[in-house]
Structure formats: structure tokens, C-alpha cells
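As the structure is a computational prediction, the values presented were derived from the model and not from experiment.
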Amino acid sequence: QVQLVESGGGLIEAGGSLGLSCAAPGRTTSSNAMGWFRQAPGKEREFVAAISKSGGNTYYADSVKGRFTISRDNVKNTAYLQMNSLKPEDTAVYYCAARDSYYTGGATSAPMYAYWGQGTQVTVSS
């Protein structure tokens, strides 16, 4: 079992920046490919970004490409999502997720992730 703990959400004005962290206490995050998803009220959970085990490959949703950056620090057992040029439509609960350790690459589909964090709220005001 992989426990994931997110932090860094909050309220930010449009155009601002916010960074999210996803820690895996007691476990090396390099063991799992990681992803970030988000869910806005009344909408389905959607893919945001993913990163491979090594960090060498990253994937982004078109809606965040060029504004968000996913990264990982395998020494600190932490994955990150840096969000710049935030828009009101980025408002959602953001979840980090980990794939089973068998898989090396990130994935864009939620069912392909085995472990999930509790979520952190990001609210972007206009």
C-alpha cells in the first residue's frame, strides 16, 4: 500500500502561481510513476499531468500545457506540480496518484493508477 499526502493548495488570484507537493512517507516515490488529476464541482475527474518513474518522461493535458510543470525529487520522496498563469477554470480539488510499481511510465487515465491522495483544494479567483 502506498500512502500519498498532498499539500500546497489554497486561494490564488487569476494569473498567479501555486505549487503542489505529493509526499509518500516511508516510501521511495521512484518506485512508482506518478500523476496529478483534478475534479471540479459537478465534473468528472480529469487528467492534468504525469511523470515516469525516472522523471525522464512527462505528459500534460492540453489545457495546462505550457502553464503547469510536473517534477519529482526521488531523494525527498516527493512529486510536485508547479502551476503558473492560473485561470478560474483551474479551480478544482487536485489529487496526486501513483501507479503500481510494475509500470515505469505515467498514464493519462485515472483507472491506471492504484493509489490516491486525499486531495487538496485549489481556488482561482477572477
Backbone N or O of [Y] within a donor-acceptor pair of the [X] side chain at under 3.5 Å?
X	Y	value
Gln118	Val5	no
Asn32	Met34	no
Asn84	Ser17	no
Lys53	Ser101	yes
Tyr60	Ile70	yes
Arg72	Ser52	yes

Exercise. State which residues pass side-chain contact (heavy atoms from CB on, under 4.5 Å) with Gln121; sequence neighbours excluded, sorted by chain then number.
Key: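 Checked Gln121 against side-chain contact (heavy atoms from CB on, under 4.5 Å); matches are Thr91, Val93, Thr123.
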Exercise. Check whether more than 12 heavy atoms from other residues, nucleotides or ligands sit under 6.0 Å from atom OH of Tyr59, and answer yes or no.
Key: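 For Tyr59, atom OH is crowded (more than 12 foreign heavy atoms under 6.0 Å).
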Self-check item: Rounded distance (nearest 0.5 Å) linking atom SG of Cys96 with atom CG of Leu20
Solution: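 Rounded to the nearest 0.5 Å, the SG-CG separation comes out at 9.0 Å.
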Quiz item: Roughly how far, to the nearest 0.5 Å, is the CD atom of Glu13 from the CG atom of Leu86?
Solution: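 One gets 11.5 Å once the value is rounded to the nearest 0.5 Å.
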Quiz item: Of Val122, Asp90, Thr120, which meets side chain to side chain contact (heavy atoms under 4.5 Å, CB included) against Arg38?
Solution: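 That would be Asp90; it is the only one of Val122, Asp90, Thr120 passing the side chain to side chain contact (heavy atoms under 4.5 Å, CB included) with Arg38.
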Quiz prompt | The single option from Arg45, Glu46, Glu44 passing side chain to side chain contact (heavy atoms under 4.5 Å, CB included) against Phe37 | solution =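 Single pass found, and it is Arg45.
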Shortest non-hydrogen contact from [X] toward [Y]:
X	Y	value
Ser126	Ala14	CA-CB, 4.3 Å
Thr78	Lys76	OG1-O, 2.9 Å
Ala98	Leu4	N-CD1, 3.7 Å
Asp73	Val75	OD1-N, 3.0 Å
Ala33	Tyr113	O-CE2, 4.3 Å

Is it the case that one hydrophobic cluster holds both [X] and [Y], taking links as side-chain heavy atoms less than 4.5 Å apart, direct or via other members?
X	Y	result
Trp116	Leu81	no
Phe68	Val124	yes
Tyr95	Trp36	no
Val48	Tyr80	no

Exercise. Would you check if Tyr94 and Glu6 make a side-chain contact, meaning some heavy-atom pair closer than 4.5 Å?
Key: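 Result no, sub-4.5 Å side-chain heavy-atom pair not found.
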Quiz item: Are any of the side-chain heavy atoms of Tyr115 and Asp100 separated by less than 4.5 Å?
Solution: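 Yes. Closest side-chain heavy atoms under 4.5 Å.
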